[in-house]
Participant: 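Structure incoming, see below.
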Amino acid sequence: MESRSPQLTRPDGSPLRVLVVDDEVNLAELVSMALRYEGWEVSTAHTGRKAVDVAREVRPDAVVLDIMLPDFDGHEVLRRLRSIDPTVPVLFLTARDAVEDRVAGLTAGGDDYVTKPFSLEEVVARVRALMRRAGAQQADSSSVLTVGDLTLDEDSREVFRGGAEISLTATEFELLRYLMRNPRRVLSKAQILDRVWNYDFGGQANVVELYISYLRKKIDAGRAPMIHTMRGAGYVLKPAA
C-alpha cells in the first residue's frame, strides 16, 4: 500500500492556485516545482508589476512573494494585491532576517515570513498552513504516508515500521518524507538536496549519502531493505520484497 500527502483543493474540488513572485528566476522555478508537486496550479512573476497583472488574471489562492524586486518592493506589491483580493494569504520571502524586517512585513499585512536560505519543504509547509487557515478543503483527511509496512505521520511526526516506532532527527524525517512522497521513483542527489536542504546549499552531494546511511541504519536495520541505491542515478524507496 502506498499513499501521498493529502491534497488541498478549492471548495469546489478544483486545484488551488499559487502565485510565486521572485526576481531570481531559478529560485522561482524551484519553488514552483515544489508547489506543483502538491497538485496545485502555479503561476510565476519576476517583477512586482507582472505579479499584479498575473494576480488580476488568475486570482490566486495564495502568494509566495519576495520582498526585494527590481521595480517596487514586496510591500507595495502586497498593497496592490490586497486591492484585488483583500483576503489572499501571502508568504513573504526575504534574504534579510532582522527582526524589524519581519515585523515590517507582517505589519504590512503579510501572513507569514521565511528568510533565505530556506528549504523547499518549509515553504510548502507554510503555504499549506496558510491555505488551510484560509479555508482550503482537504481532499483526504489522513496525514499519514504509507509505503509497505512503513508509516510516517506528517502531523505528529511519528514513524513506524512493522509497528515498531523509529526515532528520527528533523533532517532524517524530512528526507524520509520526501522519499515516501515519491515511492518507487528514483530521486537524484541533486533533487534531494533541492527539496530537503536549502536551495543554495553549499555542501557536496555526499551529505545525501551520509543521511541515507543514517536512515538505512534506522529503517532497514535487521529488516528487508526498503531504501535502494541506483548506481549513477540516485535512491529509491519501495516496499520490501
Side-chain angles (χ1 to χ4, degrees), residues 4-10 13-74 77-78 80-81 84-85 88-95 105 110-134 136-139 154 174-175 177-182 185-201 234:
R4 57 171 290 169
S5 180
Q7 186 173 328
L8 294 176
T9 66
R10 292 184 143 201
S14 62
L16 287 164
R17 300 169 189 164
V18 187
L19 171 59
V20 175
V21 186
D22 198 305
D23 62 333
E24 294 181 60
V25 177
N26 290 340
L27 175 57
E29 188 51 37
L30 275 175
V31 172
S32 298
M33 285 172 58
L35 296 174
R36 286 190 188 103
Y37 179 70
E38 298 296 313
W40 303 332
E41 292 181 358
V42 184
S43 304
T44 58
H46 307 303
T47 66
R49 191 164 284 104
K50 179 67 173 176
V52 175
D53 290 343
V54 173
R56 280 202 188 94
E57 182 183 344
V58 304
R59 297 298 175 116
D61 298 292
V63 180
V64 178
L65 177 60
D66 189 21
I67 294 279
M68 302 299 288
L69 294 168
D71 45 1
F72 41 83
D73 70 19
V77 175
L78 176 63
R80 300 188 188 196
L81 291 176
I84 299 168
D85 180 352
V88 62
V90 173
L91 173 69
F92 273 132
L93 305 179
T94 181
D111 298 281
D112 204 351
Y113 206 103
V114 176
T115 54
K116 301 176 184 177
F118 49 76
S119 74
L120 295 173
E121 286 286 353
E122 180 183 10
V123 173
V124 170
R126 297 287 187 95
V127 174
R128 286 178 67 87
L130 287 180
M131 291 201 286
R132 273 202 198 100
R133 259 185 264 159
Q137 304 297 303
Q138 193 156 295
E154 295 184 290
E174 294 301 340
L175 174 56
R177 172 156 64 177
Y178 184 42
L179 292 171
M180 291 184 70
R181 283 183 172 183
N182 295 271
R185 178 181 167 198
V186 178
L187 301 170
S188 70
K189 291 177 185 177
Q191 286 175 305
I192 293 171
L193 278 173
D194 283 342
R195 284 301 298 266
V196 179
W197 280 269
N198 295 335
Y199 74 95
D200 63 350
F201 182 75

Participant: Nearest 0.5 Å, please: how far is CZ in R59 from OG in S43?
Facilitator: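 Those atoms lie 13.5 Å apart.
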Participant: Quick check for you: to the nearest 0.5 Å, what is the distance between L78 atom CG and D73 atom CG?
Facilitator: 10.0 Å
Participant: Which heavy atom in V42 sits nearest to a heavy atom in S32, and how many Å separate them?
Facilitator: CG1-OG, 3.6 Å
Participant: If you look at every heavy atom in A51 and V77, which pair is closest and at what distance?
Facilitator: CB-CG1, 4.1 Å
Participant: For R128, is there an ion pair with E154 - N to carboxylate O distance below 4.0 angstrom?
Facilitator: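 No, this pair does not count.
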Participant: Would you indicate whether the side-chain heavy atoms of L35 and V64 approach each other to under 4.5 Å?
Facilitator: yes
Participant: Between D53 and R56, does any side-chain N to carboxylate O distance fall below 4.0 Å?
Facilitator: yes
Participant: Measuring from L93:CG to I67:CD1, what's the distance to the nearest 0.5 Å?
Facilitator: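 Spacing of CG (L93) from CD1 (I67) equals 8.5 Å.
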Participant: Do K116 and D22 touch side chain to side chain, with heavy atoms closer than 4.5 Å?
Facilitator: yes
Participant: Using a 4.5 Å cut-off on heavy atoms from C-beta on, say whether the side chain of F118 contacts that of L27.
Facilitator: yes
Participant: Work out which heavy atom in V31 is nearest to a heavy atom in V123; give both atom names and the distance.
Facilitator: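 Residues V31 and V123, closest heavy atoms: CG1-CG1, 4.2 Å.
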Participant: Got R177 and E174 here, is their nearest side-chain heavy-atom distance under 4.5 Å?
Facilitator: yes
Participant: Please list, chain by chain and in numerical order, all residues satisfying salt bridge (Lys or Arg N to Asp or Glu O under 4.0 Å) with R80, sequence neighbours excluded.
Facilitator: E76
Participant: Residues two or more places apart in sequence or in another chain: which of them pass salt bridge (Lys or Arg N to Asp or Glu O under 4.0 Å) with D85?
Facilitator: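 Applying salt bridge (Lys or Arg N to Asp or Glu O under 4.0 Å) to D85 gives none.
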Participant: Taking all non-hydrogen atoms of both residues, which atom of A55 and which atom of L81 are closest, and how far apart?
Facilitator: CB-CD2, 3.3 Å
Participant: Which residues pass the side chain to side chain donor-acceptor pair (under 3.5 Å) test with R185, not counting sequence neighbours?
Facilitator: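 N182.
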Participant: Kindly compute the distance separating CG (D23) from NZ (K50), expressed to the nearest 0.5 Å.
Facilitator: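 One gets 15.5 Å once the value is rounded to the nearest 0.5 Å.
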Participant: Can you name the closest pair of heavy atoms from A62 and V127 and give their distance?
Facilitator: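 Shortest heavy-atom separation between A62 and V127 comes out as CB-CG1, 4.4 Å.
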Participant: Under the rule for side-chain contact (heavy atoms from CB on, under 4.5 Å), what residues qualify as partners of E41, not counting sequence neighbours?
Facilitator: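 Per chain and number, E41 pairs via side-chain contact (heavy atoms from CB on, under 4.5 Å) with P15, R17.
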Participant: Any side-chain heavy atom of V18 within less than 4.5 Å of one from E38?
Facilitator: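 Not in contact.
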Participant: Among residues at least two apart in sequence or on other chains, which ones pass salt bridge (Lys or Arg N to Asp or Glu O under 4.0 Å) with R49?
Facilitator: D71
Participant: Just to verify, what does S188 make a side-chain contact (heavy atoms from CB on, under 4.5 Å) with, not counting sequence neighbours?
Facilitator: A190, Q191
Participant: Should W40 and D61 be marked as a side chain to side chain contact (heavy atoms under 4.5 Å, CB included) after you check the CA-CA gap, both sets of side-chain angles, and the distance that decides it?
Facilitator: CA-CA 10 Å; W40 303 332; D61 298 292; over 6 Å; no
Participant: Roughly how far, to the nearest 0.5 Å, is the CG atom of L30 from the CE atom of M33?
Facilitator: 6.5 Å
Participant: Can you name the nearest heavy-atom pair linking I192 to Y178, along with the distance?
Facilitator: CA-CE2, 3.9 Å
Participant: What's the separation between atom CG in L69 and atom NE2 in H46, rounded to the nearest 0.5 Å?
Facilitator: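 Atom-to-atom, L69:CG and H46:NE2 are 11.0 Å apart.
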